[in-house]
Protein chains: 2
Amino acid sequence: MKIGEVARKTGVKAETIRFYEREGILNAPPRTRSNYRDYGPAEAATLVFIRRARDLGFSMPDIRELLELSNEDDRSCAAVDSLARAHLDQVKRKIAALQVMRDELSRMIAKCEQDTISECRIIDTLAVRDR
Amino acid sequence: MKIGEVARKTGVKAETIRFYEREGILNAPPRTRSNYRDYGPAEAATLVFIRRARDLGFSMPDIRELLELSNEDDRSCAAVDSLARAHLDQVKRKIAALQVMRDELSRMIAKCEQDTISECRIIDTLAVRDR
DNA sequence: GCTTGACCTTGTAGTGGCTACAAGGTGCAT
DNA sequence: ATGCACCTTGTAGCCACTACAAGGTCAAGC
Ligand SMILES: [Zn+2]
Ligand SMILES: [Zn+2]
Ligand SMILES: [Zn+2]
Ligand SMILES: [Zn+2]
């Protein structure tokens, strides 16, 4: 499979695939005689793994570790679990921070009565002149 | 005021203040004879404005626009409001996306029963071998 | 056999919002 | 005179891509 085909099959863009190879999270595939990358199903599977993990917000160092762990079939999965749990915690913290922003923005917007800028409660809230 | 003092007063680090000057969202202040930046209260106020807006997640282009608008006292604040509303929408979308991640991660983690990696439901969910 | 077009190759630079140096200048106290 | 905190400029790094530029390869159609 050439890079374009594996890109279509896995949902990972060709440029991103080359980027993953440069970063060392995807093994470099063999080349055809015209120097095109020639992928097999194993690489496609790795790419799907990477894409799913990225969709769940895992970082590239996380994914590198998950990929290594996924090959050690008979070890305990404790490391996988704690990595996933740590990541879940981080996602929860990010949500909480965004909810604070959302609530503050909503309050700010609700107070504005579409007047002139000198009366605008949004600008007031941001500027030192407020309160 | 030298940069360190205004940094302490506004909660914006000196390096970040210089960065804002380079980016053109904070005016370059006059210099002392020894070439140190010499800030007055107006620049400090601008920095507090920027910091508050950043805390609410506004982007630097957004902030540039908010700063420009904040000087036009007698214009309507419609532009301010729509900018804030657009930003709120974006924050809400980000929260929704993170909640999807959170729920998927939680489900994945809950299914794992701390077995070997070949049985791990987390790895299974990511890999093609799943289902 | 020659052109067109889709695809592939490498390398480099840009995105956002900082942060972290490196290498040197200034100001004040001891 | 020495030390130390502070300031200056410039450059590079962070993350996960994305967007070129400039060129090579291959099949189809005329
Ligand atoms: Zn993580
Ligand atoms: Zn308003
Ligand atoms: Zn915004
Ligand atoms: Zn597990």
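Labels below follow one simple rule: chain letters A, B, ... track the order of the sequence lines, proteins then strands, and each chain is numbered from 1. None of these values were measured; they are calculated from a predicted model.
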E23(A) atom CD is separated from dC15(D) atom P, nearest whole Å, by 9 Å
From CD1 of I17(B) across to C1' of dC6(D) the rounded distance in Å is 14 Å
From the candidates dT19(C), dG17(C), dC8(C), the one with an atom nearest any side-chain atom of K13(B) is dT19(C)
To the nearest angstrom, the CG-P distance between D38(A) and dC26(D) comes to 13 Å
Are I17(B) and Y36(B) linked, directly or through intermediate hydrophobic residues, by side-chain heavy-atom contacts shorter than 4.5 Å (ILVMFWY only)? no
When rounded to whole Å, the CG to C1' distance for the pair N35(A) and dT25(D) reads 10 Å
Check your understanding: Can you find a side chain N or O atom of R31(B) that sits less than 4.0 Å from OP1 or OP2 on dT9(D)?
Key -> yes
Walking DNA chain D from its 5' end, the first of G57(A) and A14(B) to be reached, judged by nearest nucleotide, is A14(B)
Testing dT8(D), dC21(C), dT18(D) for proximity to the side chain of R22(A), the answer is dT18(D)
Atom CZ of F58(A) and atom C1' of dC15(D) are separated, to the nearest Å, by 17 Å
For D81(B) and C112(A), the nearest pair of non-hydrogen atoms, with its separation, is OD2-SG, 2.7 Å
Here the distance between atom P of dC6(D) and atom OH of Y39(B), to the nearest Å, is 16 Å
| said: So, under a plain 3.5 Å distance rule, would you say the side chain of Y36(B) forms a donor-acceptor pair with the base of dG27(C)? | reply: no
Side-chain N or O of T16(A) closer than 4.0 Å to phosphate OP1/OP2 of dT18(D): yes
- How about N27(A): does its CG atom have over 12 heavy atoms from other parts shown lying under 6.0 Å from it? no
F19(A) has its side chain closest, among dA16(D), dC7(D), dC8(C), to dA16(D)
Taken to the nearest 0.5 Å, the spacing of M108(A) CE from I122(A) CD1 works out to 5.0 Å
note: L56(A), atom CG; dA16(D), atom P; distance rounded to Å ~ 14 Å
To the nearest 0.5 Å, atom CZ of R37(A) lies from atom CZ of R31(A) at 4.0 Å
Q.
Looking at R54(A), I'd like to know whether one of its side-chain N or O atoms comes within less than 4.0 Å of OP1 or OP2 on dC17(D).
A. yes
Give a yes or no on whether a donor-acceptor pair under 3.5 Å exists between the nucleobase atoms of dG17(C), that is its base, and the side chain of Y20(B).
no
Whole-Å distance, E5(A) CD to dC7(C) P, equals 11 Å
- Task: Under 4.0 Å between any heavy atoms, over every strand shown, what does R33(B) touch: base, sugar-phosphate, or nothing? Just pick one.
- Result: nothing
Interatomic distance, CD@E119(B) vs OG@S76(A), rounded to 0.5 Å, equals 12.5 Å
| query | Under 4.0 Å between a side-chain N/O of R37(B) and OP1 or OP2 of dT8(D), yes or no? | reply | yes
> When all nucleic acid strands are considered with a 4.0 Å heavy-atom cut-off, which category describes R18(B): base, sugar-phosphate, or nothing?
Replying inline: base
Side-chain N or O of S34(A) less than 4.0 angstrom from OP1 or OP2 on dC8(C)?
-> no
